[in-house]
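Notes follow the structure.
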Amino acid sequence: MDSGTLARLSGADVAALDPYAFMAVIGKRVIHPGGRRSTEELLERADLRAGQRVLDVGCGVGTTAIEIARRHGARVTAVDISPLMLDRARANVTAAGLGEKIAVESGDILALHFPADAFDRVVAEAVTMFVDRPRAARELVRVCRPGGRVLTTEFLWRKPPTPQARQVFLGEVCPGLSFDTLDDWVRIYQQAGLGDVQVTSGPFEMMTPAGFLHDEGFANSVAIMGRALSRPAYLKKMAWLMPRMNRAVPYLGYVAISGVKPA
């Protein structure tokens with residue numbers, strides 16, 4: 001998304017942005033609960049190779065798609081339902097010089113416009129929890145070829161949240177989000193048809209100072225803070241968002257899930 005488009009966002013537009021979209025607007029590149037740590041965990045299990053067909057569902061600003069294409073030489077189709085995210089992803093892919101390796105397209109995780117068995121690897125970071133989770137998991141498995149791998153990251157409650165923390169996060173910060181425990185996620189993906197399901201989990205650190213610096217690096221962290229201070233609407237959004245996030249952070253974590261579609 002270019003600077004002109006961002007400038008056209010009114011104060012009301014900014015206030016209405018969900019946290020993921022807002023972080024994209026102010027330039028954050030890693031926008032999922034496990035940060036770079038969970039992406040690396042997924043990539044370690046992915047067994048990626050040059051020439052493989054990879055689908056990145058809910059690609060956000062394109063960070064993981066770029067890493068996969070750059071480091072492994074795979075051909076990536078990156079899809080998202082949000083026009084804002086697609087604009088940012090296309091700009092980032094172009095800036096990375098990977099337009100021949102990555103195709104950025106509109107796509108809905110509940111109705112992917114690809115035939116069955118189309119991809120060697122299917123990646124979805126923090127996507128299924130926004131929609132009908134069992135249906136979305138089945139769709140990810142459907143487009144993966146037999147013997148291929150599905151790899152996802154999701155939010156989970158690391159420990160039972162207080163009623164206030166649950167209400168603030170699921171009712172105010174991310175209304176419509178649905179997730180529970182690690183065992184709950186494993187059951188959903190096994191019932192969707194995955195075998196050899198493996199998981200790792202960890203704390204939610206994306207919005208902590210240490211996690212922010214680790215994910216974005218010093219230079220981009222400073223740039224993000226500069227953008228956040230550049231408009232009163234951004235400051236107002238941050239002042240609303242951060243106290244609410246902080247109430248939920250002690251209870252939140254991520255789970256990284258990988259599994260194989262049976263041959």
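FYI, the numbering just counts along the sequence from 1.
Between Ala192 and Arg138, the shortest heavy-atom contact is CB-N, 3.7 Å. When all heavy atoms are compared, the tightest approach of Arg149 to Cys144 is N-SG, 3.4 Å. Closest of all the heavy-atom pairs between Ala89 and Gly62 is CB-N, 3.9 Å. The two atoms that bring Ser201 and Leu156 nearest to each other are CB-CD2, 4.4 Å, heavy atoms only. For Ser10 against Arg231, the heavy-atom pair with the smallest separation is C-NH2, 4.1 Å. Here the shortest heavy-atom pairing between Pro262 and Gly195 reads CD-N, 4.3 Å.
Taking the side chain as every heavy atom from C-beta outward, Tyr254 and Arg37 approach each other to under 4.5 Å. Using a 4.5 Å heavy-atom threshold, the side chains of Leu112 and Val79 count as touching. Residues Phe169 and Cys174 form a side-chain contact, since some pair of their non-hydrogen atoms from C-beta on lies under 4.5 Å apart. Thr153 has its side chain out of reach of Thr39: every pair of non-hydrogen atoms, C-beta onward, lies at least 4.5 Å apart. Taking 4.5 Å as the limit, some side-chain heavy atom of Arg121 sits within range of a side-chain heavy atom of Asp47. You'll find the side chain of Trp185 reaches within 4.5 Å of the side chain of Ile257, heavy atoms only. In this structure the side chain of Leu177 never reaches within 4.5 angstrom of the side chain of Pro175, judged on heavy atoms. A heavy-atom distance below 4.5 Å is found between the side chains of Leu241 and Met23.
Between Phe179 and Trp157, the angle of the ring planes lies from 30° to 60°, which puts this pair in the tilted group.
With rounding to the nearest 0.5 angstrom, the OG atom of Ser230 is 9.0 Å from the CD1 atom of Ile26. Atom CZ of residue Phe22 and atom OH of residue Tyr234 lie 7.5 Å apart, to the nearest 0.5 angstrom. A distance of 5.0 Å separates CZ of Phe114 from CG of Leu55, quoted to the nearest 0.5 Å. The CG atom of Leu252 lies 5.5 Å from the CZ atom of Phe155; values are rounded to the nearest 0.5 Å. Residue Thr128 holds its OG1 atom at 7.0 Å from CD1 of Ile188, rounded to the nearest 0.5 Å. Here the CZ atom belonging to Phe119 is positioned 10.0 Å from the CZ atom belonging to Arg142, to the nearest 0.5 angstrom.
Between the side chain of Asp80 and the backbone N or O of Gly60 there is at least one donor-acceptor pair closer than 3.5 Å. Between the side chain of Arg45 and the backbone N or O of Gln198, at least one donor-acceptor pair lies under 3.5 Å. A distance-only check finds no donor-acceptor pair linking the side chain of Arg49 to the backbone of His72 [under 3.5 Å]. At least one donor-acceptor pair closer than 3.5 Å links the side chain of Asn92 to the backbone N or O of Val61. Put simply, the side chain of Lys237 never gets that close to the backbone of Gly11: no donor and acceptor are under 3.5 Å apart. The backbone N or O of Glu100 lies less than 3.5 Å from a partner atom in the side chain of Arg75, making a donor-acceptor pair. Looking at Arg53, its side chain does come within 3.5 Å of a backbone N or O of Ala118 through a donor-acceptor pair. A donor-acceptor pair is defined here as one N or O able to donate and one able to accept, closer than 3.5 Å; such a pair exists between the side chain of Arg244 and the backbone of Trp240.
Partner of Val122 under the side chain to side chain contact (heavy atoms under 4.5 Å, CB included) criterion, chosen from Thr77, Val141, Val143: Val143.
Met129 and Val131 fall within a single hydrophobic cluster, where Ile, Leu, Val, Met, Phe, Trp and Tyr side chains are chained together by heavy-atom contacts under 4.5 Å. Residue Met242 is grouped with residue Val173 when hydrophobic side chains (ILVMFWY) are merged at heavy-atom distances under 4.5 angstrom, including chains of intermediate members. In the hydrophobic clustering of this structure, Val249 groups with Leu170; members are Ile, Leu, Val, Met, Phe, Trp, Tyr whose side-chain heavy atoms approach within less than 4.5 Å, directly or through other members. No continuous path of ILVMFWY side-chain contacts below 4.5 Å connects Leu235 to Met245, so the two sit in separate hydrophobic clusters.
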Test salt bridge (charged side-chain N to carboxylate O under 4.0 Å, His left out) on Glu139 and Arg135 and set out the steps. CA-CA 6 Å; Glu139 189 69 349; Arg135 180 180 168 189; over 6 Å; no
Could you walk me through whether Tyr20 and Phe130 pass the ring pair (Phe, Tyr, Trp, His ring centres under 6.0 Å) check? CA-CA 11 Å; Tyr20 282 78; Phe130 286 97; 5.4 Å; yes
Stepwise side-chain contact (heavy atoms from CB on, under 4.5 Å) test for Val255 and Thr200: CA-CA 6 Å; Val255 57; Thr200 56; over 6 Å; no
Apply the test side-chain contact (heavy atoms from CB on, under 4.5 Å) to residues Leu84 and Leu17: give CA-CA distance (whole Å), side-chain angles for both, the deciding distance (0.1 Å), then the verdict. CA-CA 10 Å; Leu84 186 152; Leu17 292 172; 4.1 Å; yes
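Side-chain contact of Arg166 with Tyr251: a donor-acceptor pair under 3.5 Å is absent, judged by distance alone. One side chain, Thr64 or Glu125, offers a donor N or O that lies under 3.5 Å from an acceptor on the other. For the residue pair Thr162 / Arg247, no side-chain donor-acceptor distance below 3.5 Å is found, with atom types taken as modelled.
Using a 4.0 Å cut-off between a side-chain N of Lys or Arg and a carboxylate O of Asp or Glu, Arg133 and Asp184 qualify as a salt bridge. Salt-bridge annotation for Lys261 and Asp117: present, with a side-chain N of the basic residue lying under 4.0 Å from a carboxylate O of the acidic one. Using a cut-off of 4.0 Å between Lys/Arg side-chain N and Asp/Glu carboxylate O, Glu40 and Arg71 are scored as salt-bridged.
Other residues sharing the hydrophobic cluster of Val104, ordered by chain and number and joined by side-chain separations under 4.5 Å: Leu42, Leu43, Leu48, Val54, Ile66, Ile68, Val76, Leu86, Val93, Leu98, Ile102, Val123, Leu151.
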Below 3.5 Å, can you tabulate the donor-acceptor pairs from side chains in residues 214-225 to any protein atom, sequence neighbours excluded?
| residue | atom | partner | partner atom | Å |
| --- | --- | --- | --- | --- |
| Asp215 | OD1 | Arg36 | N | 3.0 |
| Glu216 | OE1 | Arg29 | N | 3.2 |
| Glu216 | OE1 | Asn220 | ND2 | 2.8 |
| Glu216 | OE2 | Lys28 | NZ | 2.9 |
| Glu216 | OE2 | Arg29 | N | 3.2 |
| Glu216 | OE2 | Val30 | N | 3.0 |
| Asn220 | ND2 | Gly27 | O | 3.4 |
| Ser221 | OG | Gly217 | O | 2.7 |

